[in-house]
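Lettering follows sequence order; numbering is per chain, from 1.
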There are 2 protein chains.
Amino acid sequence: MATKDTAQSRQGTQLKTPKGTRDWVGQDLLLRNHIFDALERHGGVPLDTPVFELQNILSEKYGEDSRLIYNLEDQGGEACSLRYDLTVPFARWLAMRSDIQHIKRYQIAKVYRRDQPAVSRGRLREFYQCDFDIAGIYDPMIPDAEILRIIAEVFQAFDMRITIKLNHRKILDALFAVAGVPYDKIRPISSAVDKLDKMSWDEVKKEMIEKGLSEEAAEHVGLYVQRSGTMREILSNLEADANLIMNQNVKEGVADLKLLATYIEAMGVGSKVSFDLSLARGLDYYTGLIYEIVPDRINGQSTQVGSIAAGGRYDNLVGMYGRRPMPCVGISFGIDRIFTLLAERCKSKKASELGRETDVYVMAFGDKDFEGLLVERMEVARQLWDAGIQAEFTAKVRPKPQQQFSASEGAPVAVILGQEELDAGQVRVKQLHVGDRNAAQKDKGQLVARRDLVEAVRALLASRIEGS
Amino acid sequence: MATKDTAQSRQGTQLKTPKGTRDWVGQDLLLRNHIFDALERHGGVPLDTPVFELQNILSEKYGEDSRLIYNLEDQGGEACSLRYDLTVPFARWLAMRSDIQHIKRYQIAKVYRRDQPAVSRGRLREFYQCDFDIAGIYDPMIPDAEILRIIAEVFQAFDMRITIKLNHRKILDALFAVAGVPYDKIRPISSAVDKLDKMSWDEVKKEMIEKGLSEEAAEHVGLYVQRSGTMREILSNLEADANLIMNQNVKEGVADLKLLATYIEAMGVGSKVSFDLSLARGLDYYTGLIYEIVPDRINGQSTQVGSIAAGGRYDNLVGMYGRRPMPCVGISFGIDRIFTLLAERCKSKKASELGRETDVYVMAFGDKDFEGLLVERMEVARQLWDAGIQAEFTAKVRPKPQQQFSASEGAPVAVILGQEELDAGQVRVKQLHVGDRNAAQKDKGQLVARRDLVEAVRALLASRIEGS
């Protein structure tokens, strides 16, 4: 055994991340900032909860998906599991914080599911979610409309065209009831209908009949759930159906959606919404509006990643912890799937493009007796750092010119030190031009006094921003 | 048993986070931005690694502290553990990425230790670390000096006075050897000496003798390790000691530290450094410079939190994974301890001070037949959001004036809608003054045309920033 372990360690065969996990580096992570901007624009408060929760907090929240929960080993003490989503920890936190009556909160964090991973499609065992939720008692559909607006803003920041597929649990459950689906079969039939975006109607119908639904009821369900269109279209459709509109749940759902249609038009997102009566969503805890965001086809091609965000209203989850009820509505963005889509556009990064951001590269040149001016480069970098400017220099005592130029790749401005200029209390500053390093080496830049350095650098940085 | 569980769930006694963990909300999290600013200023690339690693990646890295590692339950598949620090995952990543020759990376993430928690002193089982490391072959002590500069910048951003206690593993190990500590006792004696910041010399000496050191050797060690002072003082001290300076390790360490003294003076952080020959650091993997950051006493009182950042040079860790060697130097900031210190200054936040940031609150007022102008408030909010401005409004159809004013708390600017003004294509904008809401209600603000709204709001926001 010892021999085998040693051999493995020498060959490094175990040098990997655990199955279904990956490292994130550089610009991928910086993409999150786009999301933060939108969430802060709507007054969200950041929340962060532990990566594991007591097992009783998570139990009975996820139905049959509970088998995908990761448990910590029993090393004595409390039984804990890694979080499965960010919604349940938020509800647990709200239940504990009885001082909070209203809150908009956001959280970007990793969640854990022991599922079969498919890395190329952005399906991982450890993956980022970003949640924005509005909790508290408000007038109907106003927070729901704001969530839809936030969704539109986030994807606009990524320059991604999307459709918000939307449905209402009350209407959906009433459709099933009117079509003759027995009460105890509503969730299984609902989950079959939810597959209409991946399977044909005939396949879905077959699954429903296998689940014990009559041919007739299945056909009836089919009449309803194969409809989708704009909010206004489907709403008048439902209102024109005398069978349906008599149903109290349909009435309430239609009233909600009429309000919503007005509000999302006022907020400028009406055109992104498609009312899709087949949308069902797996989780049990939704009580009202539900939605799923899908990327629009690119050149007629559908993407491989499926939905990239989803959410809905869950008015009873906080109350399940026995302290107090609290209506909530929210959205979870599937950050990794969004990254996967964006990465297809940009292709993968080389080591030199890891997203390092430097504004200024401090260099020094001289003749063949040149000592490197290291301390002087440090002092100049310090002057820039003190002014809050990003600056780097080559960590060599006597760096070669070519070494310094290639290390400066990506920095828009250089400060160049020479013994003669330093003796006169001066340095050179100049702009570095992407893809034209040779020209850049010929351009000698401008001489400035040391005490004017920060100002001169700021002017060059500003002119670049204006010019870009 | 079932009865007891039900009762517990009704009383909500299990409604808590796991032992040694906590939720973070609002401004506490925004404090991280100060750290990010400094790390980006030095050209760092963000890295994020999985929260759990294969167990063989973590094994034999933490000595006897390995017992504190959290394992995942064996649910089939690979044996995994939660990460114990961010240094080992970084080394694992570097070992895998053979394309990377040089990198500065930072990572803010949680780490896990099954230790006895002490929440009031910022000691938790799940806690944030922020690491900045420089990997690659450079000329001696240049990256080390930059790390010390970054430490100074981070704490300056928090307006915290600190001392960087610093030592060199080569010098420390040589002192022990010269004092007559047997080679196999160097690490245990080193860990006794490391307690000199918490225990008296007599207690430390007692521990060394209990660990098998002779009285004479212990006294000899004491002569060395009770010295601390500026770099220059202790260096000339060491050089004046003929016994020591003959030792090759002491010679090399002194040469390193002389370079370092010059470099940190150039970078403006020399005055923050104290050379402390008793500093030893627990972890085995350090090979050169080591340091620990302690907050300065406030009004003569020492704080309860101990060191708030620590690090050093570890040139052999990456090579332990068998692919290639890679010298590294870095720092880990103990974010939670820093938060604990800062929170003592600011005291805890009320629900209303959770750190929500809103620039503009959109309100509407009218007479007693007032319909609330909800859609119009939405349209104005949309106009501001489209321009990238943070804006909120009350999610009520007919909100009361007082309701809107108290909800606007914290927003510097209000946009006020009235039917009459809207009919004329106008709205009012005005500044809201902290702590003087009554005065604010009397000030009617200025009338602007809807099309000039964004410009007018921007001007008011800018004048506030200049005025502050």
Next item on the list: Starting at CZ of R377(B), measure out to CE of M267(A) and round the result to the nearest 0.5 Å.
Entry: 10.0 Å

Item checked: Interface moiety of I389(B) toward chain A, non-hydrogen atoms closer than 4.5 Å -> backbone

Margin query: For T49(A), is there any backbone N or O sitting under 3.5 Å from a side-chain donor or acceptor partner on D23(B)?
Written below: no

Check: Based on non-hydrogen pairs under 4.5 Å, which of K104(A), K110(A), E53(A) is most in contact with chain B?
Finding: K110(A)

Checklist line | Selection from P399(B), A145(B), G76(B), G268(B) maximising heavy-atom pairs under 4.5 Å formed with chain A | finding: G268(B)

Next item on the list: May I ask you to decide if Y70(A)'s main-chain N or O and Q75(B)'s side chain share a donor-acceptor pair within less than 3.5 Å?
Entry: no

Note to self: So for K396(A), is it side chain, backbone, both, or neither that comes closer than 4.5 Å to the heavy atoms of chain B?
What the structure shows: both

Checklist line | Structural part of L374(B) lying under 4.5 Å from a heavy atom of chain A | finding: side chain

Item checked: Proximal component of E379(B), with respect to chain A [non-hydrogen, under 4.5 Å] -> both

Margin query: Can you confirm whether L82(A) sits close enough to F52(B) that some side-chain heavy atom of one is under 4.5 Å from a side-chain heavy atom of the other?
Written below: yes

Check: Quick one: what part of I69(B) sits under 4.5 Å from any heavy atom of chain A, side chain, backbone, both or neither?
Finding: backbone

Notebook entry, point to check: Between G388(A), P89(A), C80(A), which has the largest tally of heavy atom pairs under 4.5 Å with chain B?
Noted result: G388(A)

Next item on the list: Taking E126(A) for its side chain and V51(B) for its backbone only, find out whether a donor-acceptor pair lies under 3.5 Å.
Entry: yes

Next item on the list: Tell me, for D74(B) versus chain A, whether the close heavy atoms (under 4.5 Å) come from the side chain, the backbone, both or neither.
Entry: neither

Notebook entry, point to check: Which bit of E146(B) comes within less than 4.5 Å of chain A, counting heavy atoms only: side chain, backbone, both or neither?
Noted result: side chain

Next item on the list: Output all residues satisfying ring pair (Phe, Tyr, Trp, His ring centres under 6.0 Å) with Y263(A), sequence neighbours left out; order by chain, then residue number.
Entry: none

Margin query: Between R92(B) and chain A, with a heavy-atom cut-off of 4.5 Å, which part of the residue counts as in contact: side chain, backbone, both or neither?
Written below: both

Note to self: Assess the residue pair D48(A) and R22(B) against the criterion (salt bridge (charged side-chain N to carboxylate O under 4.0 Å, His left out)); give the C-alpha distance rounded to whole Å, side-chain angles, the decisive distance to 0.1 Å, and a yes or no.
What the structure shows: CA-CA 9 Å; D48(A) 177 56; R22(B) 52 160 294 189; over 6 Å; no

Notebook entry, point to check: Is any side-chain heavy atom of E73(A) less than 4.5 Å from a side-chain heavy atom of L72(B)?
Noted result: no

Check: Looking only at heavy atoms, which two atoms of P50(A) and T21(B) are closest? And how far apart?
Finding: CG-OG1, 3.4 Å

Notebook entry, point to check: Rounded to the nearest 0.5 Å, how far does CZ of R149(A) lie from CG of D386(B)?
Noted result: 4.5 Å

Checklist line | Whether over 12 other heavy atoms sit under 6.0 Å from E265(B) CD | finding: yes

Checklist line | L47(A) CG to W24(B) CH2 distance, which is reported to the nearest 0.5 Å | finding: 12.0 Å

Item checked: By side-chain hydrogen bond (donor to acceptor under 3.5 Å, both in side chains) - contacts of S81(A) (at least two apart) -> Q55(A), N71(A)

Check: Does any non-hydrogen side-chain atom of L15(A) lie less than 4.5 Å from one of I57(B)?
Finding: yes

Margin query: Counting only non-hydrogen atoms closer than 4.5 Å, does A95(B) touch chain A with its backbone (N, CA, C, O), its side chain (CB onward), both, or neither?
Written below: both

Notebook entry, point to check: Which atoms of R398(B) come close to chain A, meaning under 4.5 Å heavy atom to heavy atom: side chain ones, backbone ones, both, or neither?
Noted result: backbone

Next item on the list: Could you tell me which non-hydrogen atom of I142(B) sits nearest to which non-hydrogen atom of V397(A), and how far apart they are?
Entry: CD1-N, 4.1 Å

Next item on the list: With E78(A) as reference, evaluate R125(B), K19(B), K16(B), R114(B) under the salt bridge (charged side-chain N to carboxylate O under 4.0 Å, His left out) test and give the passing residue.
Entry: K16(B)

Check: Relative to chain B, which of D139(A), V375(A), L384(A) shows the most heavy atom pairs under 4.5 Å?
Finding: D139(A)

Note to self: Shorter than 4.5 Å, heavy atoms on both sides: which option in Y112(A), W385(A), Y138(A) has the most such pairs with chain B?
What the structure shows: W385(A)

Note to self: Could you check whether any side-chain heavy atom of V269(A) comes within less than 4.5 Å of a side-chain heavy atom of R382(B), counting everything from C-beta outward?
What the structure shows: no

